[in-house]
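This chain uses plain numbering: 1 for the first residue, then up along the sequence.
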Amino acid sequence: MSRIAYVNGQYVQHSEAAVHIEDRGYQFADGVYEVCEVWNNQIVDMPRHLDRLGRSLSELSIDWPMSRPAVEFVLRQVVRRNKVRNGLVYIQVTRGVSKRDHFFPPANVAPSIVVTARSSSPAAVNAQAEAGISVFSYPENRWPRVDIKTVALLPNVLAKQSAKERGGKEAWYVDADGNVTEGGSTNAWIVTKDGKLITRPAESGILRGITRTAILDLVEREGLSFEERPFSLEEAYDAKEAFVTAATNIAMPVVRIDDKVIGNGHPGSVATRLRELFHTATDLKVV
Ligand code: PLP
């Protein structure tokens, strides 16, 4: 089946979809994005993703490319037109097309919008969750505004590639104080030996993950022991469990960090349970 993308007002063949060479996303990484999970023909937590998109746009003084209901409509359309039952939908908004110049373009330049969707295999992701993943630590080297979901992901690309070359699936950034901030494309969690779930506060050093927020709802609902505070790499090495969260993998158990086996080397019960319950704590919008 041929794939369809939405580009600046038109649904086009994915293979032919293109933006102008002077799009500011292409030249300056001057844009933001969101990735939503599609699960059973539903877009997961779309309102929260669009709230965060609005915040990212506003922090960078980029206008919405169209009204929010219109964006919702296009997200649903792209999922439907690509017949995605399980997978993801991606939206990117940039400051638009203009002569290359660092200064913002004139006010009449409209933001650019691109939406794509693709299927993924729940069986493959579940198989990975049953085995657990390895992560590798990496010195934090990103700008301080990681709370904005920008397309400027070069540090994340390099950190994740470095993890991959060592046999891992994710990199964990470690700040100057020795604390884990987050993953290259995920939020980081541990469970201490006495069963307390720990994740870093979203006030600094991390993106406020939508999956993280949904998991926090679940943690509260299930009455799990929980603390929002920074944790060190050393503490993570010694944890009973570790896992990462993101729209693309829900809660993914971590069984190894650097050369240290975590817990008994198998996915932990807390991560596995949160993974199972995840969609009972999310807002589901039928496409
Ligand atoms: N942290 C970073 C740096 C990310 O890129 C992502 C997702 O792309 C996340 C955390 C997880 O966010 P979400 O749960 O909204 O997918």
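- Taking both residues in full, the closest heavy atoms of V89 and V79 are given as CB-CG2, 3.7 Å, listed atom of the first, atom of the second, then distance.
- A side-chain donor-acceptor contact under 3.5 Å links R221 to the backbone of T280.
- N126 places a side-chain N or O within 3.5 Å of a backbone atom of P122 that can act as its donor or acceptor partner.
- You'll find the side chain of L53 reaches within 4.5 Å of the side chain of W64, heavy atoms only.
- Residues V19 and V97 fail the side-chain proximity criterion, which asks for heavy atoms closer than 4.5 Å.
- Here the side chain of S119 pairs no donor or acceptor atom with the backbone of G87 at under 3.5 angstrom.
- Of all the heavy atoms in K149 and V35, the pair that sits closest is CE-N, 4.3 Å.
- Closest heavy-atom contact between T282 and A214: CG2-CB, 4.0 Å.
- Judged by distance alone, the side chain of T192 and the main-chain N or O of K240 form no donor-acceptor pair under 3.5 Å.
- Within the 4.5 Å cutoff, the side chain of R118 has no heavy atoms near those of the V84 side chain.
- The shortest distance between side-chain heavy atoms of H102 and R100 falls below 4.5 Å.
- Rounding to the nearest 0.5 Å gives a distance of 4.5 Å between CG of L158 and CG of L154.
- When the shell of 6.0 Å around CZ of R55 is examined, it contains more than 12 heavy atoms from other residues, nucleotides or ligands.
- Results of the salt bridge (charged side-chain N to carboxylate O under 4.0 Å, His left out) test with E228 over R208, R212, K196 single out R212 as the only residue that passes.
- H279 is listed as a side-chain neighbour of I250, based on a closest heavy-atom distance under 4.5 Å.
- Under a cutoff of 6.0 Å and an axis angle of 45°, R81 and Y11 form a cation-pi pair.
- Of the possible polar contacts, one joining the E241 side chain to the S269 backbone as a donor-acceptor pair under 3.5 Å is found.
- Around atom OH of Y26, no more than 12 heavy atoms belonging to other residues, nucleotides or ligands sit under 6.0 Å away.
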Please assess S56 against R52 for the test side-chain hydrogen bond (donor to acceptor under 3.5 Å, both in side chains), listing each intermediate value before the final yes or no. CA-CA 6 Å; S56 296; R52 186 172 65 184; 5.7 Å; no

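- The hydrophobic clustering, which links ILVMFWY residues whose side-chain heavy atoms are closer than 4.5 Å, places Y6 and L50 together.
- Separation of atoms CD1 (I62) and OG1 (T94) is listed at 7.0 Å; rounding is to 0.5 Å.
- Across every non-hydrogen atom of N8 and S112, the tightest pair is OD1-CA, 3.2 Å.
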Test side-chain contact (heavy atoms from CB on, under 4.5 Å) on Q42 and E37 and set out the steps. CA-CA 8 Å; Q42 300 163 103; E37 183 197 7; over 6 Å; no

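- Side-chain contact check for V7 versus V114: some heavy-atom pair is nearer than 4.5 Å.
- E182 places none of its side-chain heavy atoms less than 4.5 Å from the side chain of R200.
- Inter-residue side-chain proximity for R256 and V135 is flagged as unmet; no heavy-atom pair is nearer than 4.5 Å.
- Contact detail for E140 and R142: the closest heavy-atom pair is OE2-NE, 2.7 Å.
- The hydrophobic cluster containing V44 also contains F243, counting ILVMFWY residues as joined when their side-chain heavy atoms lie under 4.5 angstrom apart, directly or transitively.
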Please step through side-chain contact (heavy atoms from CB on, under 4.5 Å) for the pair I190 and D238, ending with a clear verdict. CA-CA 10 Å; I190 58 169; D238 200 37; over 6 Å; no

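- R273 CZ: 12 or fewer foreign heavy atoms inside a 6.0 Å radius.
- If you take OG1 on T245 and CG on N187, they are separated by 4.5 Å, rounding to the nearest 0.5 Å.
- A donor-acceptor pair under 3.5 Å is formed between the side chain of N86 and the backbone N or O of N40.
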Kindly determine whether S137 and D258 satisfy side-chain hydrogen bond (donor to acceptor under 3.5 Å, both in side chains), including the steps that lead there. CA-CA 6 Å; S137 56; D258 297 329; 2.7 Å; yes

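- The nearest pair of heavy atoms linking V255 to P267 is CG1-N, 3.6 Å.
- A donor-acceptor pair under 3.5 Å is formed between the side chain of N264 and the backbone N or O of H266.
- Residues R68 and D51 are paired through a salt bridge, judged by an N-O separation under 4.0 Å between the basic side chain and the carboxylate.
- For NZ of K83, the number of neighbouring non-hydrogen atoms (other residues, nucleotides, ligands) closer than 6.0 Å is 12 at most.
- No more than 12 heavy atoms of other residues, nucleotides or ligands lie within 6.0 Å of CD in Q10, so this atom counts as exposed by the packing criterion.
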Between V125 and R275, is the side-chain contact (heavy atoms from CB on, under 4.5 Å) condition met? List the steps. CA-CA 11 Å; V125 186; R275 186 178 174 80; 3.6 Å; yes

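- The main-chain N or O of I21 is found under 3.5 Å from a side-chain atom of Q27 such that the two form a donor-acceptor pair.
- No continuous path of hydrophobic side-chain contacts links V180 to F136 [ILVMFWY only; heavy atoms under 4.5 Å].
- Residue L284 is not grouped with residue V287 when hydrophobic side chains (ILVMFWY) are merged at heavy-atom distances under 4.5 angstrom, including chains of intermediate members.
- L274 and I133 are not part of a single hydrophobic cluster, where members link through side-chain heavy atoms under 4.5 Å apart.
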Please evaluate residues Q13 and I4 with respect to the criterion side-chain contact (heavy atoms from CB on, under 4.5 Å), reporting the C-alpha separation (whole Å), side-chain torsions for both, the decisive distance (0.1 Å), and the verdict. CA-CA 5 Å; Q13 290 297 326; I4 301 294; 3.9 Å; yes

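- In this structure, S185 OG and L153 CG are separated by 9.0 Å, a value rounded to the nearest 0.5 Å.
- Remark: K169 NZ to T186 OG1 distance equals 13.0 Å, nearest 0.5 Å.
- Taking CD1 of I257 as the reference point, atom CD of E170 lies at 11.5 Å (rounded to 0.5 Å).
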